Amino acid sequence: MHITANGRNLLKWTIWFFLSCSFLLLSFFQLLSYQKWFTILTVILSFLIWLYFIFKTHNQNWAYIKNHPTVTIILMIVSIVIVVAMHQIKGIPNSDLMFPPLPFRFFRLRWWLLSAPALFYLLVWIWRKASAFLTEFWQGMDLVDRRIYLIVTIASSAFIPILYLSNSQWYMQFDIVYSIDSGWCYQNIFPQLSYYDIRHPVMSVLTFPIWATVRSVLRLFVPNQLLDVLCVSIVQIINIQFLLLIGFMIGRLSKSRYVTLFYLVSMPTLLFTVFFEKYQLCTFLLVLYVYKLCKDSKGAKWDLMLATGTMPTSIFLVADELFIREPILSKIKRFVGIAVTGVCFLICSGRIRLLNPTTLFNEVSSMAQDFGLKNLSVKECLFSFTKMIQGSLVGLTSTVDSRYLWTDILSSASLIGILALALALVGIVVNRKEHFVRICAIWLICGLVLFVVFQWSVHASPLFSIYFSWAIIPLIQKGLQFLSEKMHWKEKLVYACVLFPMLIVNVINVMDIGIFLK
């Protein structure tokens, strides 16, 4: 029996070793730069990090694999599909013999396939976590929420393919509507594993597996002339699911269905329902972190890292961790844990070069010069900020020089934006003790700092409403709720008088954009 136990331990550690080597290759193939020390450090550190990850997760993963054979087989196939797609995208360089005189041809398909076991193990972990979260979330919905969810899902699943088949500009246009770069996302971010941008450093790492799986499955039975449009339609339907989950998460955290309804009829939600973009995923991961943080004060470090990997400004939300009541030593431990998790995330996603302070500073400085710090006056930036607040509810429209843009962003304040901001401030004051309200207030302040201090894309601030509306809308609703109670207004009538005009104006706005795109 003693020998059998030792044999099992040896087998277990052997499996862990080879699986860690597989993870090592997965990290290696995602490297941004194959400079000697970047490569060596990635190989060594990623091996150790993934070995620790396997040690912490193997019991739950193996149990799930044994109890769900059908899902296991599907995920095995998906992992191979993704690896083959990785190889097809990056291809074989002119010279793939690295670090001569070593004889290994690193970019041959057989080397890529060795990373499939790691990808399979990671997919099992992700699927297990995602399915558990969605099951719990669905069970927490009442009958009305479930009906709303299903109606919107079914309607959007039918609407999007029809819309994209009738007019490809909804996903092919680039920067002619509100600086929305649908075509850029369609051609570069989603289908390109090697895409990299400091604004979204690991966006392609997260989106490429989705794109590759959808496209590989569709290719089996869809004609080539319909492949692109159906592929982008299905991915957009997934994007809409992200929007729906955001709406229901903030509704649950606010303890108000009106928050969900506000979010669903708001201009950002309608706009990003029809446009193929990246902000649906960026915002979803951010709100997912907030949702888990509010449910468990210990936080969700990996959710924060995922949100930051798609949009680095998400890291500012870590400020909320400062307000969690706990001993100072525990707080320091929490921040160290977040920092260590972030470093591990960068290494394992092949972004180790960002840990070089000089590289990081140069990239951030270059991006800041392109998108921020434009020597604008404080008044102009504040005007832009009020337009972003308005854009969280209803859109601003006009056509200028054959482009569909927001106008007067810097030259005037938005009355709607000012009124909405006033209601949000009332909501903060009245409900300041609520954890979610505090987080929303922090995020509103972050928006103010982003546009007024850093002057980040001030000329197109309403574009970022999707990134901030999840926090602004609950605050507005709480302010409106307080006023209706104090003034003894009929609640349903108050919300009807706000929601229906919002929906009508925003639908007309989207239809107007459709006419423009034709």
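Keep in mind it's a predicted model, so treat the numbers as computed, not measured.
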Passing candidate, side-chain hydrogen bond (donor to acceptor under 3.5 Å, both in side chains) with Lys278, options Asp181, Thr207, Thr310: Asp181
Flag, side chain of Arg215 to backbone of Ala85, donor-acceptor distance under 3.5 Å: no
Sidechain-backbone polar pair: Ser414 side chain, Gln390 backbone, donor-acceptor under 3.5 Å: no
Pair Tyr178 and Trp406, ring centroids less than 6.0 Å apart: yes
Distance-only donor-acceptor check, side chains Glu277 and Tyr186, under 3.5 Å: no
Sub-6.0 Å ring centroid separation between Trp184 and Phe190: no
Exam field: side chain Ser256 to backbone Tyr258, donor-acceptor pair closer than 3.5 Å: yes
Near-ring test Phe242/Phe284, centroid separation under 6.0 angstrom: yes
Centroid-centroid distance, Phe316 to Trp443, less than 6.0 Å: no
Flag, side chain of Ser182 to backbone of Phe276, donor-acceptor distance under 3.5 Å: yes
Side chain to side chain contact (heavy atoms under 4.5 Å, CB included), paired with Val290, selected from Leu253, Ile442, Asp303: Leu253
Side-chain donor or acceptor of Asn188 paired with backbone N/O of Tyr196 under 3.5 Å: no
Side chain Ser465, main chain Met388, donor-acceptor under 3.5 Å: yes
Crowding at CZ, Arg146 (>12 non-hydrogen neighbours, <6.0 Å): yes
Six-ring centre of Phe137, Arg252 cation under 6.0 angstrom, axis tolerance 45°: yes
Under 3.5 Å, which donor-acceptor pairs link side chains of residues 126-135 to any protein atom two or more places apart or in another chain?
unit_1, atom_1, unit_2, atom_2, d
Trp127, NE1, Tyr64, OH, 3.1
Arg128, NE, Asn61, OD1, 3.2
Arg128, NH2, Asn61, OD1, 3.3
Ser131, OG, Trp127, O, 2.7
Ser131, OG, Arg128, O, 3.2
Thr135, OG1, Ser131, O, 2.7

Exam field: side chain Asn509 to backbone Met267, donor-acceptor pair closer than 3.5 Å: no
Distance in Å, Leu123 CG paired with Ser79 OG, rounded so as to fall on 0.5 Å steps: 6.5 Å
